[in-house]
There are 2 protein chains.
Amino acid sequence: MVDPSMLLERKGLKITPQRYAILKFLQHTTIHPTADEVIEQLNRDLPMTSRATVYNTLNTLRDVGLVHEVTHEAGVLRYDANIDPHHHFICSQCGKLEDLDWKLFGNLNHEALSAQCPVVENIEVIVRGVCRHCRNR
Amino acid sequence: MVDPSMLLERKGLKITPQRYAILKFLQHTTIHPTADEVIEQLNRDLPMTSRATVYNTLNTLRDVGLVHEVTHEAGVLRYDANIDPHHHFICSQCGKLEDLDWKLFGNLNHEALSAQCPVVENIEVIVRGVCRHCRNR
DNA sequence: ATCTCTCTTTAGAATAGATCTAGTTTGAGA
DNA sequence: TCTCAAACTAGATCTATTCTAAAGAGAGAT
Ligand SMILES: [Mn+2]
Ligand SMILES: [Mn+2]
Ligand SMILES: [Zn+2]
Ligand SMILES: [Zn+2]
């Protein structure tokens with residue numbers, strides 16, 4: 001796991017306590033938090049980050065490519081510091097959103113695609129279903 | 001293309017001029033309209049559908065499965081009357097959202113997936129890139 | 001050490017998409 | 001024709017996000 005300071009510096013962003021804390025939190029969670037969940041978590045112990053700064057920072061990190069927006073639920077915007085190619089699974093019962101390994105689906109970027117999409121920037125598979133935990137209850 | 005009246009009736013929904021018009025419009029467009037675009041189009045000639053009714057109707061149609069929500073852009077909620085399995089392509093330059101044929105990616109629902117997702121309800125591939133039109137300009 | 005300039009943070013106002021409310025209209029069935 | 005539940009409506013409300021304008025912070029210059 002790369003140090004947040006290094007990542008921020010590489011992108012030419014000043015290292016501030018708020019940016020450091022937000023990026024570090026996103027790096028260490030797997031829940032793909034919403035902006036509200038980021039605010040909640042950061043200010044749980046010691047309030048030090050305003051609502052506006054969380055939104056500003058998330059947008060800044062997204063602009064420089066350090067986090068990705070995950071937009072597969074109506075009205076819910078999540079953030080993901082895992083920027084390696086991967087897929088997502090959403091449980092329709094509990095709402096959990098999990099990573100799926102990139103290699104799970106083989107090579108998706110093949111010839112036939114270029115008819116409609118000559119330049120591919122990103123491919124992602126979204127799987128909706130019921131997770132193991134929800135199935136067994 | 002199935003008649004909207006028949007689809008509504010099958011789902012036990014009353015056939016109203018508003019529901020008929022909204023479903024018919026969605027059936028005949030390929031742009032995956034937002035709620036605002038539905039309102040705009042329906043009231044272009046003869047205003048007859050309120051904002052609240054468009055939202056109510058879209059939610060009703062979604063609840064009975066006659067339309068799907070398409071939620072792949074931050075803050076943008078689109079509607080799709082094509083409920084056959086298919087994938088989507090989004091052009092990062094012009095924002096166009098197009099259907100991709102289901103058969104384009106072969107069988108995605110294979111054994112390895114069931115480890116994390118024992119019950120699969122839906123699989124969809126999202127491709128982001130540059131469309132032919134935007135590439136050639 | 002002080003100044004300066006730019007970037008960052010902040011509280012609160014504003015915006016916009018979606019939902020809710022309460023009253024009205026509609027039409028199928030008695 | 002009457003009744004009643006479902007559907008429609010205008011406008012109020014809600015809520016996630018963005019905007020605004022002012023304060024803070026820090027790197028380099030003097
Ligand atoms: Mn992820
Ligand atoms: Mn579609
Ligand atoms: Zn679950
Ligand atoms: Zn394009």
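Naming convention: chains lettered A, B, ... in sequence-line order (proteins, then strands); numbering from 1 in each chain. Just so we're clear, the structure is a prediction, and the values are computed from it rather than from any experiment.
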Whole angstroms only, please: what is the CE-P distance between A:Met48 and D:dG24? 16 Å
Taking transitive links into account, so neighbours of neighbours count too, which hydrophobic residues share a cluster with A:Val76 at under 4.5 Å side-chain distance? none
Suppose clustering is done on Ile, Leu, Val, Met, Phe, Trp and Tyr with side-chain heavy atoms closer than 4.5 Å. Which residues sit in the same group as B:Val119? A:Val130
Quick one, give me the B/S/- string for nucleotides 16-30 of chain C, reading 5' to 3', where B means a protein heavy atom under 4.0 Å from the base and S means that only happens at the primed atoms, P, OP1 or OP2. -SBBB----------
Quiz question: by atom type and distance under 3.5 Å, do the side chains of A:Ser50 and A:Thr53 form a donor-acceptor pair? yes
D:dC8 phosphate, OP1 or OP2, under 4.0 Å from B:Thr49 side-chain N/O: no
Heavy-atom closest contact (B:Leu7 atom, B:Gln27 atom, distance): CD1-NE2, 3.3 Å
How many whole angstroms separate atom CG of B:Leu13 from atom C1' of D:dA5? 15 Å
Check the distance between C:dT9's C1' and A:Asn43's CG and give it to me in whole angstrom. 13 Å
Between C1' of D:dT18 and CD1 of A:Ile39, the distance in whole Å: 13 Å
Under 3.5 Å side-chain donor-acceptor pair for A:His32 and A:Asn82: no
Of the options C:dT9, D:dC8, D:dA10, whose atoms approach the side-chain atoms of B:Ser50 most closely? D:dA10
Give one of base, sugar-phosphate or nothing for B:Thr16, where a contact means two heavy atoms less than 4.0 Å apart. sugar-phosphate
In whole angstrom, give the distance that lies between atom CG of A:Asp63 and atom C1' of D:dT18. 14 Å
Rounded to whole Å, how long is the line connecting atom CG of A:Leu61 with atom P of C:dT8? 11 Å
Note: B:Cys117 and A:Phe89 closest approach over all heavy atoms is SG-CE1, 3.2 Å
